[in-house]
Number of protein chains: 2
Amino acid sequence: MIMLQIGEFSKVCQVSVKTLHHYDKLGLLMPAEVDRFTGYRYYRTEQIDTMNYIQRLKRYGFSLEEIQHIISLSDNRVISARLRQQKEKLKHEQQERAIILNELQTHISVFERTGDIMTYQKSYTIEVKNSPAMNVLANRAMMGVDEFGKYYGMLFERVPKEQVTPTGLNGARYFDEEFNHESSDVEVFIEIKEKEKADIILEPQECAMTVHRGGYSTLSEAYGAIVSWIIENGYEYAGAPFELYIKTQFNSPSPEDWETEVYFPIKKK
Amino acid sequence: MIMLQIGEFSKVCQVSVKTLHHYDKLGLLMPAEVDRFTGYRYYRTEQIDTMNYIQRLKRYGFSLEEIQHIISLSDNRVISARLRQQKEKLKHEQQERAIILNELQTHISVFERTGDIMTYQKSYTIEVKNSPAMNVLANRAMMGVDEFGKYYGMLFERVPKEQVTPTGLNGARYFDEEFNHESSDVEVFIEIKEKEKADIILEPQECAMTVHRGGYSTLSEAYGAIVSWIIENGYEYAGAPFELYIKTQFNSPSPEDWETEVYFPIKKK
DNA sequence: TGTTGACACTCCTGTAAGGTCAGGGTGTAT
DNA sequence: ATACACCCTGACCTTACAGGAGTGTCAACA
């Protein structure tokens, strides 16, 4: 039986000896034999395949722990499902990064035109105005940002059933003081024409408001701008802030065209 | 002067208090004032902008250390250059990931067709044959994989000067036993017709050889397959292995169409 | 004036996937 | 006998924080 010392095995697989030590300790890939006296590790040539498989899964973005789990699976359908899921995750990440890349691109050109690195992000104009009156179907729950779509879906399912007419204006209210990406107390809503069929009638209210242009990853900048305006102008909060999605992915594929109105109910101190 | 306590500042900026502690310790974003007796941190509203800027740079993929450095820069040209460089890096990463995604896609479909997770990667047919005789222009140096293009460029520059005729066949030889992605002793070469003008004349040699189909991130699997074949069939190494790039990005934009021949000089033990 | 609850502080440990020593044993060739 | 390549373990380092323990601060309410 031909056995490879760790150094040779590491060269063949093109991974470091340290990595092999690490995998051994984790139990992810253990040498076929270990000399009881010297502790020397010996690998079999078949283990090269396993190693390649591991490296492959690593490239696919699995953690070592997940890899260990996947390797232990025997049901092909489960493995397949897991791979497909990972594929969706990678796709999603690709999209996110494409958006960031676009933002960086825009940032660079604005910066080179204005000479001010901050211009791009602090160009919010804050207005004081009454929020619009709206009759809405609403759905309040603890949810993460990724689940917005799901909750909107639930609202739109009610449209034909309850014979209401959406105006096309959608939004969300945030009831938690602190915003958490994974889970916050959020109410998503869609405006409808029929006042009598509405879940909630949102009355006009004095608000500090601004328009955020661009993808949602930078929305917190709009919030920051409003909040500092509120503080500096001697107002205070008077309710849950909300957003209206004016232009979204349904209007334009590129995030820099999107528009979101951010409203913060306020009152004079 | 209005000051924000850490909790409020964290909500406005949508970062955790922990993060603010962390940035304070690093000196990346220090509170405008710290109570000398209680240690309480107080932030100014202007610092919201700075925080947004930091978060932005973070999204662009800079490390906190780099961000600290960038913020300290005053020369706009330097900042601009740094942003552009980062943009290129992100672009490059996007491409790499697109390739991986493609690979995963292929892997899934092969797996679902064959029911064997390994099929996709271990389908190398090893042949014993003589490597082709070649007259080549060559360039040997310590280089990283990312620099291959540069060294090929240097070779192709010589083509008109030295009036040689490339056949279109290119390759690389690896002189280091252990392959290192950042720096290895590599010789890149291009085949030419004119024997008398060649830097090196590669003589035919008995080799274990296989064809690798797909992107270069999985080339080590081909090496693994050959090496285990060599060991199991009682041969041993007899020189530096090399690759011939048969189909590359110039033939097809999608990596799954690429073809690389891998040769390992061998002799019977 | 005492207590409660929200908020703040510091310090310690942990994460993922190894890298980088330090200190020492093993095996073969000269 | 010694050089040199190769192997071992164990401890600490990296990034960007998160979590928790134990303790202090502050304003409001009884």
Side-chain angles (χ1 to χ4, degrees), chain A residues 3-43 51 54-71 86 89 176-183 236-237, chain B residues 3-43 51 54-71 89 176-178 180-183:
Chain A
M3 294 290 210
L4 301 177
Q5 275 200 331
I6 197 167
E8 195 154 8
F9 189 71
S10 96
K11 281 170 205 162
V12 172
C13 298
Q14 308 204 1
V15 300
S16 73
V17 171
K18 248 305 137 178
T19 303
L20 293 172
H21 283 164
H22 190 54
Y23 290 4
D24 185 9
K25 198 185 292 180
L26 294 182
L28 176 57
L29 181 68
M30 293 162 78
E33 234 183 275
V34 178
D35 187 302
R36 218 185 324 197
F37 302 108
T38 67
Y40 276 33
R41 295 170 175 81
Y42 295 94
Y43 294 85
M51 192 51 163
I54 291 171
Q55 296 302 311
R56 202 171 253 291
L57 292 178
K58 208 148 70 75
R59 263 202 314 287
Y60 296 161
F62 291 105
S63 72
L64 298 187
E65 201 180 339
E66 287 171 308
I67 291 173
Q68 199 160 4
H69 180 231
I70 292 172
I71 287 180
Q86 187 68 10
K89 191 178 143 199
D176 278 346
E177 276 278 311
E178 61 207 291
F179 175 82
N180 180 321
H181 267 273
E182 275 105 62
S183 177
E236 61 184 352
Y237 313 140
Chain B
M3 293 291 210
L4 301 177
Q5 274 201 332
I6 198 167
E8 195 155 7
F9 190 73
S10 95
K11 281 170 205 161
V12 172
C13 297
Q14 309 205 357
V15 301
S16 71
V17 170
K18 276 285 168 196
T19 303
L20 292 171
H21 284 162
H22 190 55
Y23 289 4
D24 185 9
K25 198 187 291 180
L26 295 182
L28 176 56
L29 181 69
M30 294 162 77
E33 236 182 274
V34 178
D35 187 302
R36 218 178 328 187
F37 302 108
T38 67
Y40 275 34
R41 296 169 175 83
Y42 295 94
Y43 294 85
M51 192 52 165
I54 291 172
Q55 294 304 310
R56 201 172 254 291
L57 291 178
K58 207 148 71 75
R59 265 201 313 286
Y60 295 162
F62 291 104
S63 71
L64 297 188
E65 201 180 338
E66 286 171 308
I67 291 173
Q68 198 160 6
H69 179 232
I70 292 172
I71 286 180
K89 192 179 142 200
D176 278 347
E177 277 277 311
E178 59 206 295
N180 179 321
H181 267 272
E182 274 104 62
S183 177

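A quick note: this is a predicted structure, and the numbers were derived from the prediction, not measured.
- Mapping B/Thr38 and B/Lys58 onto DNA chain D by nearest heavy atom places B/Lys58 closer to the 5' end of the strand.
- The separation between B/Tyr23 atom OH and D/dC17 atom C1' is 8 Å, rounded to whole Å.
- The distance from atom CZ of B/Phe9 to atom P of C/dC9 is 13 Å, rounded to the nearest whole Å.
- You'll find that the side chain of A/His22 is closest to C/dA17, out of C/dG19, C/dC7, C/dA17.
- Residue contacts for A/Tyr42: at a heavy-atom cut-off of 4.0 Å it reaches no nucleic acid atom on any strand shown.
- In terms of position along DNA chain C, the nucleotide closest to B/Lys18 lies nearer the 5' end than the nucleotide closest to the other residue of the pair B/Lys18 and A/Glu65.
- Residue A/Pro31 comes nearest to A/Tyr42 through the heavy atom pair CB-O, 3.4 Å, listed as atom of the first residue, atom of the second, then distance.
- Atom CE in B/Met51 sits about 13 Å away from atom P in D/dA16, given to the nearest Å.
- Going from atom CG of B/Leu20 over to atom P of D/dA18 covers 10 Å, rounded to whole Å.
- Taking atom CD of residue B/Gln5 and atom C1' of nucleotide C/dG5, one finds them 14 Å apart after rounding to whole Å.
- Between the NE2 atom of B/His21 and the P atom of D/dA18 there is a distance of 12 Å, rounded to whole Å.
- Side chain B/Tyr40 to base D/dG24: a donor-acceptor pair is found below 3.5 Å.
- Contact record, B/Thr38 with B/Asp35: N-OD1, 3.0 Å, taken as the closest heavy-atom pair.
- By the 30° and 60° cut-offs, the orientation of the rings of B/Tyr60 relative to B/Phe62 is perpendicular.
- Using a 4.0 Å heavy-atom criterion, one finds that B/Phe37 contacts no nucleic acid atom at all.
- Of the candidates C/dA17, D/dA16, C/dC9, C/dA17 carries the atom nearest the A/Leu64 side chain, counting heavy atoms from C-beta on.
- Residues A/Gly39 and A/Val34 approach most closely at O-CG1, 3.8 Å, considering heavy atoms.
- For A/Gln68 (side chain) and A/Leu26 (main-chain N/O), a donor-acceptor pair under 3.5 Å exists by modelled atom type.
- Phosphate proximity of D/dA18 to B/Ser16: present, with a side-chain N or O under 4.0 Å from OP1 or OP2.
- Between A/Lys25 atom NZ and D/dG10 atom P there is a gap of 8 Å when expressed in whole angstrom units.
- In this structure, the CD atom of B/Glu8 is 17 Å from the P atom of D/dC26, given to the nearest Å.
- Both A/Arg41 and B/Asp35 lie close to DNA chain D; mapped to their nearest nucleotides by heavy-atom distance, the more 5′-ward contact belongs to A/Arg41.
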